[in-house]
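These notes concern the structure reproduced below.
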Amino acid sequence: MPDQARIVVVEDTLSLARVYQDYLRADGHMVEHVVNGRDAIKRLRSNPPDVLVLDLILPDMDGREVLRAARQAAPECKVVVITAHGSVNIAVEAMRDGAWDFLLKPFTADKLRVTVSDALEGRSMRVDARNDTSDEGPTDEMYFDIIGGSDTMHDIYRIIENAAPSRATVFITGESGTGKELAAEAIHRRSERVNEPFIPLNCGAIPKDLMESEIFGHVKGAFTGAVIDREGAAHRAAGGTLFLDEICEMDLDLQTKLLRFIQTGTFQKVGGSTIESVDVRFVCATNRDPLEEVRAGRFREDLYYRLHVIPLHMPPLRDRDDDILQIANFYLQRFTREEGRDFQRFSPDVAALFARYAWPGNIRQLQNIIRNIVVLNNGTEVTMSMVPRPVNSGTGDEQFGSATIEAPPPHPVVSNGLEDAGRFWEGDPDALAFLAGAQRMREEMGHAPAMAGMDAGPGFPLAERLPSDQGYSGIRPLWQVEKQAIEEAIARCGGSIPRAADALGVSPSTIYRKKQAWEENETK
């Protein structure tokens with residue numbers, strides 16, 4: 001964040017303007033004040049500030065006109081808009097037009113200061129992205145707004161670094177809450193389009209009959225309620241990046257028009273007759289399997305192949321190991337500052353709980369849990385009694401639907417080797433990983449390999465015949481094989497679960513979850 005930032009407050013009520021200035025000057029910023037939109041636009045063109053705090057209700061014009069002028073005249077300036085409590089829709093429109101954030105009246109001094117501080121930090125990251133010509137790449141702590149230094153995330157950062165300078169479309173997949181929009185914005189910030197708009201559009205949050213207008217805009221009278229001409233996201237993203245989130249939710253008829261837009265760079269507004277042309281870089285995302293959507297006939301195959309140029313998969317939080325606590329600490333500090341609390345750390349048992357929990361809602365769920373803790377409690381340390389359900393129950397499926405891979409029930413696998421067992425459990429990637437790890441460990445320990453067609457008899461310690469009266473001649477149930485393989489790996493690695501996980505080819509969080517499931521089964 002700049003040592004002494006320049007901030008311009010646009011507010012026609014002098015008493016409020018004076019209060020805002022005092023709040024912001026307390027943080028050491030240089031704060032100026034203008035009373036109308038005309039003067040604000042002049043200031044943006046002559047000497048643009050770092051942040052513009054803009055009231056949307058001005059005496060001489062709609063504040064959104066100032067916002068649009070800021071986008072053209074001072075794209076580096078972050079605009080924080082202020083509006084009345086009952087005008088949330090207007091604030092959302094302002095966000096679509098390029099505002100960084102919004103404040104609803106009335107708001108506290110801390111809320112204003114934190115919002116402006118976040119805007120300044122965002123501006124600093126954007127400037128760094130534009131000017132950084134080093135080969136160092138991402139840091140161990142954060143890549144733009146994405147937190148995490150795990151190997152998995154560094155692989156993602158490398159893809160973004162390589163893809164961002166090109167015009168190629170990036171197709172981001174991943175579960176809800178994994179940070180797909182943050183990845184899309186990082187691509188934009190790392191590209192040559194950094195000074196142009198980044199326009200996100202959630203295809204699943206807009207009614208289907210309004211979606212075409214949201215993308216392409218409409219002319220006055222095009223449909224009931226179209227009382228003025230309106231620019232769509234395609235026009236607002238001109239020169240920049242259009243991010244189509246939840247692309248698989250789009251209606252098939254509109255997919256056809258989108259395909260033509262992508263191929264030609266031209267479109268027509270709803271109800272219009274003029275062909276418009278724009279230069280837009282496309283990034284899209286979905287929490288579904290796009291190929292499965294193609295097979296099911298819900299997504300056009302030609303559109304899929306047009307968009308799926310550079311695939312980028314955002315991993316679930318449960319597979320990011322040490323990143324979990326890094327992200328948790330980041331949001332603990334942020335929410336503590338915003339809410340005026342005293343928290344400094346997590347207790348060791350809370351940290352261990354967070355590390356092994358499945359996080360079916362991913363980063364979004366982690367954020368909400370920490371916000372809940374900070375708002376409803378206080379102290380210097382987060383303790384177990386402060387952690388709400390379902391996290392404090394230790395499972396991951398009470399409320400959000402199971403996202404964990406539980407130990408299979410004690411059902412015998414009719415197989416003579418691990419390869420056949422692998423075919424039986426082909427729907428469980430962790431089970432397959434454990435089978436591969438167990439096979440690797442047996443070979444390292446000098447035991448005979450257990451391949452398909454080889455009898456799983458006494459010479460293979462992990463295999464024991466089931467009772468003959470059950471009619472089986474295969475190995476034990478897979479969950480027992482997994483359990484013994486894990487325990488042997490942990491013992492051989494001196495009790496270190498991370499090292500054992502590496503030897504078995506899975507993540508430590510997977511071992512924690514499976515151990516917990518076995519312990520719960522043993523107590524029943």
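Values in this document were obtained by computation on a predicted structure and should not be read as measured data.
Residues Leu252 and Gly297 share a closest heavy-atom pair of CD1-O, 3.5 Å. Nearest approach of Ala233 to Leu242, heavy atoms of both residues: CB-CD1, 3.8 Å. Closest approach of Ala119 and Lys78 over heavy atoms only: O-CG, 3.7 Å. Counting all heavy atoms, side chain and backbone alike, Val391 lies closest to Leu353 at O-CD1, 3.5 Å. Of all non-hydrogen atoms in Ala164 and Ser191, the two that sit nearest each other are O-CB, 3.2 Å. Listed here is the closest heavy atom pair of Pro388 and Ile369: CG-CD1, 3.7 Å.
A salt bridge links Glu292 with Arg295: the closest approach of a Lys/Arg side-chain nitrogen to an acidic carboxylate oxygen falls below 4.0 angstrom. Between Glu488 and Arg492 there is no salt bridge, since no side-chain N of the basic residue sits under 4.0 Å from a carboxylate O of the acidic one. Under 4.0 Å is where a charged nitrogen must lie from a carboxylate oxygen, and between Arg306 and Glu301 no such pair does. Between Glu249 and Lys208, no side-chain nitrogen of the basic residue sits less than 4.0 Å from a carboxylate oxygen of the acidic one, so the salt-bridge criterion is not met. Electrostatic pairing of Asp279 and Arg167 counts as a salt bridge here, judged by a charged N lying under 4.0 Å from a carboxylate O. Comment: Glu338 engages Arg334 in a salt bridge, judged by a side-chain N to carboxylate O separation of less than 4.0 angstrom.
Interatomic distance, OG1 of Thr178 versus CZ of Arg318, reported as 10.0 Å (0.5 Å rounding). Atom OG1 of Thr115 and atom CG of Leu103 lie 4.5 Å apart (nearest 0.5 Å). Separation of atoms CD (Gln365) and OG (Ser176) is listed at 12.0 Å; rounding is to 0.5 Å. Atom CD of Glu381 sits about 9.5 Å away from atom CD of Gln344, to the nearest 0.5 Å. Remark: Ile199 CD1 to Leu244 CG distance equals 11.5 Å, nearest 0.5 Å. Here the CD1 atom belonging to Ile147 is positioned 13.0 Å from the CD1 atom belonging to Ile324, to the nearest 0.5 angstrom.
Side chains of Met153 and Pro315 form a contact here, defined as non-hydrogen atoms less than 4.5 Å apart. Looking only at side-chain heavy atoms (C-beta outward), Arg320 and Ile363 come within less than 4.5 Å of each other. Taking 4.5 Å as the limit, some side-chain heavy atom of Ile215 sits within range of a side-chain heavy atom of Leu254. When side chains are defined from C-beta on, Pro200 counts as touching Glu181, because their heavy atoms get closer than 4.5 Å. Counting heavy atoms from C-beta outward, Pro197 and Arg236 have side chains that stay 4.5 Å or more apart. You'll find the side chain of Trp359 reaches within 4.5 Å of the side chain of Leu366, heavy atoms only. Residues Asp289 and Thr173 form no side-chain contact, since every pair of their non-hydrogen atoms from C-beta on lies 4.5 Å or further apart. For the pair Phe144/Leu182, no side-chain contact is recorded, criterion being any heavy-atom separation below 4.5 Å from C-beta on.
Looking at Asn362, its side chain never comes within 3.5 Å of a backbone N or O of Arg364 through a donor-acceptor pair. Using modelled atom types, one side-chain atom of Arg341 and one backbone atom of Val374 make a donor-acceptor pair closer than 3.5 Å. For Asn378 (side chain) and Asp342 (main-chain N/O), a donor-acceptor pair under 3.5 Å exists by modelled atom type. Side chain of His188 to backbone of Glu196: a donor-acceptor contact under 3.5 angstrom is found. Without hydrogens or angle criteria, Asn377 side chain to Val382 main chain gives no donor-acceptor distance under 3.5 Å. Side chain of Asn329 to main chain of Leu325: a donor-acceptor pair is present (N/O by atom type, distance under 3.5 Å, no hydrogens or angles). With hydrogens and angles disregarded, no donor-acceptor distance shorter than 3.5 Å links the side chain of Glu214 to the backbone of Cys203. Arg281 places a side-chain N or O within 3.5 Å of a backbone atom of Ser166 that can act as its donor or acceptor partner. Using modelled atom types, no side-chain atom of Glu339 and backbone atom of Val375 make a donor-acceptor pair closer than 3.5 Å.
The salt bridge (Lys or Arg N to Asp or Glu O under 4.0 Å) test with Asp118 singles out one residue from Lys111, Arg337, Arg113, and that residue is Arg337.
For residues 323-348, every residue pair satisfying the ring pair (Phe, Tyr, Trp, His ring centres under 6.0 Å) rule, not counting sequence neighbours, is listed here: Tyr331-Phe335, Phe346-Phe354.
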Handout entry: From CA spacing to verdict: side-chain contact (heavy atoms from CB on, under 4.5 Å), Ile172, Asp245
Key = CA-CA 9 Å; Ile172 307 172; Asp245 198 5; over 6 Å; no
Exercise for the section: I would like to know whether Ile247 and Phe299 meet side-chain contact (heavy atoms from CB on, under 4.5 Å); could you show each step before the answer? Expected result: CA-CA 9 Å; Ile247 183 73; Phe299 198 75; 3.8 Å; yes
Problem - side-chain contact (heavy atoms from CB on, under 4.5 Å) between Met211 and Leu201, intermediate numbers included - result: CA-CA 10 Å; Met211 193 65 206; Leu201 192 64; 3.5 Å; yes
Practice task
Apply side-chain contact (heavy atoms from CB on, under 4.5 Å) to Leu120 and Val51, showing your working.
Solution key: CA-CA 7 Å; Leu120 288 167; Val51 174; 3.5 Å; yes
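Scanning for side chain to side chain donor-acceptor pair (under 3.5 Å) contacts around Thr108 gives an empty result, with sequence neighbours left out.
No more than 12 heavy-atom neighbours from other residues, nucleotides or ligands sit within 6.0 angstrom of CG on Asp322. Counting non-hydrogen atoms of other residues, nucleotides and ligands closer than 6.0 Å to CG of Asp151 gives a total of 12 or fewer.
Taking the ring centroids of Phe261 and Phe282, they lie under the 6.0 Å cut-off.
Counted by atom type alone, Asn287 and Glu175 present zero donor-acceptor pairs between their side chains at under 3.5 Å. Between the side chains of Thr152 and Ser150, no donor-acceptor pair of N or O atoms lies under 3.5 Å.
Taking the six-membered ring where the residue is Trp, Tyr143 and Tyr157 present parallel rings, their angle staying beneath 30° rather than reaching 60°. Classified by interplanar angle (parallel below 30°, tilted 30° to 60°, perpendicular above 60°), the ring pair Phe243/Phe198 is parallel.
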